[in-house]
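Taking it in order: structure first as structure tokens, then the write-up.
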Amino acid sequence: MSLTDALMVAAVLLAPLIAIQISVFLENRRETRQRRLNLFRTLMMTRAARLVPDHVNALNMIDIEFSGSDSKSKEVRAAWKAYLDILNSTDLSGEVWNEKALDLFVDLLHHLAAHVGYDFDRTHLRRNAYFPRGFGETEMDQLAIRTGVRELLEGKRALPVWVPQADESSSTGQALPTTQDYSQPSTEG
């Protein structure tokens, strides 16, 4: 068997293995890109409502999805670390914290966009999000309800009870008290 014949046999045997390896490599690359793109899309969809669970979950996946050693992945992780530091900070006052957090979040979005192939400027990322006023009012209502229920369960708030007064034409003819405070124990025996 000549060298040419041996190389031909090797090529015939190795070609399918090489083709499979290339196919697996390309599929893994495509899946990684799709996961990164989905993460970016989630953050873009929820950028005006950063407290929703999908937004928080996407942020927490950045370290995994952008774990590469390339410079763009490192920039994304650095921007995420800076944003996470401000999110966990208690050193700044409300308005200063909000502005700094927004700046760092926009910087993170900018790096993510560049990594997945979008060219958004920081102003676009900061200003071009739609959040209806009704969403904000709903969030404030839900917060008030949750706070009120928590205070009620913790005993910090009493549940007011109003009993309507019976009118003259009722069948019993007896008037009921108009209000009763049940938050304090009764001293009547």
Side-chain angles (χ1 to χ4, degrees), residues 23-161 183:
S23 175
V24 167
F25 172 77
L26 293 175
E27 181 64 21
N28 287 342
R29 250 180 83 180
R30 189 189 68 75
E31 286 177 9
T32 299
R33 174 163 169 56
Q34 190 60 46
R35 285 192 315 269
R36 289 174 175 176
L37 195 53
N38 287 342
L39 186 146
F40 175 69
R41 286 178 177 158
T42 299
L43 292 176
M44 286 295 286
M45 285 186 299
T46 60
R47 70 185 186 268
R50 290 182 281 161
L51 295 178
V52 298
D54 285 346
H55 185 86
V56 174
N57 292 338
L59 287 173
N60 285 319
M61 290 299 294
I62 289 173
D63 287 326
I64 293 172
E65 298 301 338
F66 293 88
S67 62
S69 59
D70 59 291
S71 63
K72 285 186 176 184
S73 291
K74 288 179 180 179
E75 289 173 1
V76 167
R77 287 194 314 273
W80 163 229
K81 184 179 181 211
Y83 181 49
L84 182 60
D85 284 346
I86 195 72
L87 291 177
N88 291 324
S89 171
T90 57
D91 298 338
L92 302 173
S93 67
E95 191 59 39
V96 173
W97 183 91
N98 283 335
E99 192 60 33
K100 182 73 173 164
L102 180 59
D103 288 343
L104 291 171
F105 176 64
V106 167
D107 190 51
L108 172 62
L109 280 180
H110 184 74
H111 286 291
L112 286 166
H115 195 295
V116 297
Y118 286 97
D119 184 24
F120 292 125
D121 62 61
R122 285 177 169 82
T123 303
H124 177 86
L125 293 169
R126 177 186 281 272
R127 305 255 185 250
N128 289 7
Y130 176 59
F131 189 75
R133 186 181 326 157
F135 282 9
E137 291 169 358
T138 299
E139 283 185 8
M140 294 304 294
D141 290 347
Q142 289 173 348
L143 177 62
I145 291 167
R146 285 192 314 264
T147 301
V149 169
R150 186 186 72 232
E151 289 175 352
L152 182 66
L153 294 174
E154 291 173 347
K156 294 178 181 176
R157 179 181 295 229
L159 182 63
V161 177
S183 63

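Every residue was checked against the side chain to side chain donor-acceptor pair (under 3.5 Å) condition with Asp85, not counting sequence neighbours, and none meets it. Residues satisfying the side-chain contact (heavy atoms from CB on, under 4.5 Å) test with Ala82, not counting sequence neighbours, are Leu104. For the side-chain contact (heavy atoms from CB on, under 4.5 Å) test, residues two or more places apart in sequence or in another chain that qualify with Glu137 are Arg133. With sequence neighbours excluded, the residues forming a side-chain contact (heavy atoms from CB on, under 4.5 Å) with His55 are Leu43, Thr46, Arg50, Val52, Leu59, Phe105, listed by chain and number. For Glu139, there are no side chain to side chain donor-acceptor pair (under 3.5 Å) partners at least two apart in sequence or on another chain. Not counting sequence neighbours, Glu95 has no partner by the side chain to side chain donor-acceptor pair (under 3.5 Å) test. Partners of Arg33 according to the salt bridge (charged side-chain N to carboxylate O under 4.0 Å, His left out) rule, which considers only residues two or more places apart in sequence or in another chain, do not exist here. Glu31 pairs by the side chain to side chain donor-acceptor pair (under 3.5 Å) definition with nothing, not counting sequence neighbours. Tyr118 meets the ring pair (Phe, Tyr, Trp, His ring centres under 6.0 Å) test with Phe40, Phe120; sequence neighbours excluded. Residues meeting the side-chain contact (heavy atoms from CB on, under 4.5 Å) test with Thr147, sequence neighbours left out: Leu143, Arg150, Glu151.
Rounded to the nearest 0.5 Å, atoms NE2 (His110) and NE2 (His124) are 12.0 Å apart. Here the straight-line distance linking atom OG1 of Thr42 with atom CE of Met44 works out to 11.5 Å at 0.5 Å rounding. Between the CG atom of Asn28 and the OG1 atom of Thr32 there is a distance of 6.5 Å, given to the nearest 0.5 Å. Atom CD of Gln34 sits about 11.0 Å away from atom CD of Glu65, to the nearest 0.5 Å.
Within the 4.5 Å cutoff, the side chain of Val149 has heavy atoms near those of the Leu153 side chain. The shortest distance between side-chain heavy atoms of Val116 and Leu39 does not fall below 4.5 Å. Contact of the Ile62 side chain with the Leu84 side chain is not registered, since no non-hydrogen atoms from C-beta on lie closer than 4.5 Å. Residues Trp80 and Asn60 form a side-chain contact, since some pair of their non-hydrogen atoms from C-beta on lies under 4.5 Å apart. At a threshold of 4.5 Å between non-hydrogen side-chain atoms, the residues Asn38 and Arg35 do not count as touching.
Contact detail for Ala158 and Leu152: the closest heavy-atom pair is C-CD1, 4.0 Å. Between Ala79 and His111, the shortest heavy-atom contact is CB-CD2, 3.6 Å.
The salt bridge (Lys or Arg N to Asp or Glu O under 4.0 Å) analysis of residues 110-120, with sequence neighbours excluded, yields no pairs. Sorted by first then second residue, the side chain to side chain donor-acceptor pair (under 3.5 Å) pairs that include residues 67-76, not counting sequence neighbours, are Asp70-Ser73, Ser73-His115.
Arg36 places no side-chain N or O within donor-acceptor distance of the main-chain N or O of Leu112, the cut-off being under 3.5 Å.
The existence of a salt bridge linking Arg122 and Asp107 is confirmed by a sub-4.0 Å separation between a basic side-chain nitrogen and an acidic carboxylate oxygen.
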